[in-house]
Enquirer: 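This is the structure I have questions about; it appears just below.
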Amino acid sequence: MSEPELILASTSRGRIELLARLELPFRSVAPPYDERAEDHRFAELGPAAFALHLARGKACSIPISEAGDAWILAADQLAVLDGEHGPELLHKPGCEARAVEQLMRLRGRSHRLITGVVLRRGELEHSAVDEQHLTMRAFAREEAEHYVARHRPIHSAGAYHIEDAGIRLFE
């Protein structure tokens, strides 16, 4: 008897590459889930529960006709900057100019990177939340502009990829 299939509820290149390193068979499916439509729940749930809420939403949005008996793996990662008015959710910048501005807001400061993960099959669900505290060093705008132009982290929370030269932005 073969094991159930694994579906990654993401088309993120980074997530696909990360899961591929495990050498497990899986397929990637774009979840039909609008994360931004849930932003109003951030303050109510708090960062960790919100990350898990989004991951669960992605997992549950894969239609049963697509999932069948497969395990569905979904995740959502948030960049959160704590300020005087409470935690602030930093969205994926979407363009180079906003990515540079986001990096400039983060330079010389600490922020949290919170990841919610859900593994679901039918009604059975396993979940976890990981929270990392990261501190960026003080860098010049020119360095942020060069990094963004070279690595284009416009679809990443926090406007960086820790897996590439973005690691150099940190203390």
Side-chain angles (χ1 to χ4, degrees), residues 8-21 28-62 73-118 127-171:
L8 175 62
S10 175
T11 56
S12 160
R13 180 182 51 99
R15 287 206 174 95
I16 290 168
E17 289 173 1
L18 188 61
L19 190 55
R21 289 182 201 163
S28 171
V29 174
Y33 184 70
D34 182 5
E35 301 169 45
R36 295 296 60 94
E38 298 296 314
D39 281 352
H40 66 281
R41 308 272 326 262
F42 178 74
E44 166 196 346
L45 295 173
F50 186 65
L52 199 54
H53 172 74
L54 294 178
R56 185 173 291 117
K58 290 177 183 180
C60 292
S61 73
I62 303 295
L73 178 62
D76 199 84
Q77 190 169 68
L78 310 175
V80 177
L81 185 59
D82 292 313
E84 61 185 71
H85 301 293
E88 177 187 352
L89 178 61
L90 300 178
H91 293 291
K92 297 171 186 173
C95 71
E96 288 188 19
R98 283 195 298 268
V100 170
E101 290 311 313
Q102 199 167 106
L103 288 173
M104 296 311 291
R105 287 191 65 213
L106 291 172
R107 73 176 172 170
R109 298 178 68 184
S110 294
H111 67 281
R112 295 183 282 161
L113 201 58
I114 302 167
T115 307
V117 179
V118 169
S127 63
V129 175
D130 179 69
E131 183 171 326
Q132 299 298 317
H133 294 258
L134 304 165
T135 303
M136 287 197 163
R137 62 182 176 75
F139 47 81
R141 175 175 286 278
E142 181 179 88
E143 185 176 356
E145 290 169 347
H146 176 76
Y147 171 73
V148 169
R150 170 97 166 84
H151 295 281
R152 296 196 39 84
I154 62 174
H155 300 295
S156 297
Y160 60 84
H161 301 135
I162 203 99
E163 304 86 358
D164 64 24
I167 191 75
R168 296 188 333 220
L169 301 172
F170 291 87
E171 285 188 352

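Note that the structure is predicted; figures quoted are calculated from it, not measured.
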Enquirer: With distance as the sole test, does Gln102 use its side chain to make a donor-acceptor pair with the main-chain N or O of Gly158 at under 3.5 Å?
Expert: yes

Enquirer: State, to 0.1 Å, how close Leu78 and Ala157 come at their nearest heavy-atom pair, and which atoms those are.
Expert: C-CB, 4.2 Å

Enquirer: Taking side chain as C-beta onward, heavy atoms only, is Glu163 less than 4.5 Å from Leu18?
Expert: no

Enquirer: Answer yes or no: is there an ion pair linking Arg13 with Glu17, defined by an N-O contact shorter than 4.0 Å?
Expert: yes

Enquirer: Would you call the rings of Phe170 and His111 parallel, tilted or perpendicular, where under 30° means parallel and over 60° means perpendicular?
Expert: tilted

Enquirer: Are His161 and Ser156 linked by a side-chain donor-acceptor pair shorter than 3.5 Å?
Expert: yes

Enquirer: If you compare all heavy atoms of Val29 against all heavy atoms of Thr11, which two are closest, and at what distance to 0.1 Å?
Expert: C-CG2, 4.3 Å

Enquirer: Return the minimal non-hydrogen interatomic distance between Ile154 and Ala99, and the atom names on each side.
Expert: CG2-CB, 4.4 Å

Enquirer: List the atom of Ala75, the atom of Arg15, and the distance in Å for their closest heavy-atom pair.
Expert: CB-NE, 3.6 Å

Enquirer: Apply side-chain hydrogen bond (donor to acceptor under 3.5 Å, both in side chains) to residues His91 and Arg98 and explain how you reach the verdict.
Expert: CA-CA 10 Å; His91 293 291; Arg98 283 195 298 268; over 6 Å; no

Enquirer: What pair of heavy atoms forms the shortest contact from Ala48 to Ile114, and how long is it?
Expert: CA-CG2, 3.9 Å

Enquirer: Quick check for you: to the nearest 0.5 Å, what is the distance between Thr115 atom OG1 and Leu52 atom CG?
Expert: 11.0 Å

Enquirer: How long is the gap from OH on Tyr147 to CD on Glu96, to the nearest 0.5 Å?
Expert: 11.5 Å

Enquirer: Can you see which heavy atom on Gly116 is nearest to which on Ala51, and at what distance?
Expert: N-CB, 3.7 Å

Enquirer: Between Leu113 and Ile162, is any pair of side-chain heavy atoms under 4.5 Å apart?
Expert: no

Enquirer: Should Leu169 and Leu106 count as side-chain neighbours, where that means a heavy-atom distance under 4.5 Å?
Expert: no

Enquirer: Starting at CZ of Phe139, measure out to CD of Glu145 and round the result to the nearest 0.5 Å.
Expert: 11.0 Å

Enquirer: Out of the candidates Arg137, Arg150, Arg168, only one should pair with Glu143 under the salt bridge (Lys or Arg N to Asp or Glu O under 4.0 Å) rule; please name it.
Expert: Arg137

Enquirer: I need the Tyr33 OH to Ile62 CD1 distance, nearest 0.5 Å.
Expert: 12.0 Å

Enquirer: So Tyr160 and His151, do their side chains get closer than 4.5 Å, heavy atoms only?
Expert: no

Enquirer: Do the side chains of Glu101 and Arg141 get nearer than 4.5 Å, heavy atoms only?
Expert: yes

Enquirer: Taking Arg41 first and then Glu44, would you say they form a salt bridge - that is, a charged N and a carboxylate O separated by under 4.0 Å?
Expert: yes

Enquirer: Is it the case that the side chain of Ser127 and the backbone of Val118 share a donor-acceptor pair, with hydrogens and angles ignored and the cut-off at 3.5 Å?
Expert: no

Enquirer: Roughly how far, to the nearest 0.5 Å, is CZ of Arg21 from CG of Leu19?
Expert: 10.5 Å

Enquirer: Taking NZ, NE, NH1 and NH2 as the nitrogens, is one of them in Glu171 or Arg109 under 4.0 Å from a carboxylate oxygen of the other?
Expert: no

Enquirer: Is it true that a side-chain atom of Arg112 and a backbone atom of Val80 form a donor plus acceptor pair closer than 3.5 Å?
Expert: no

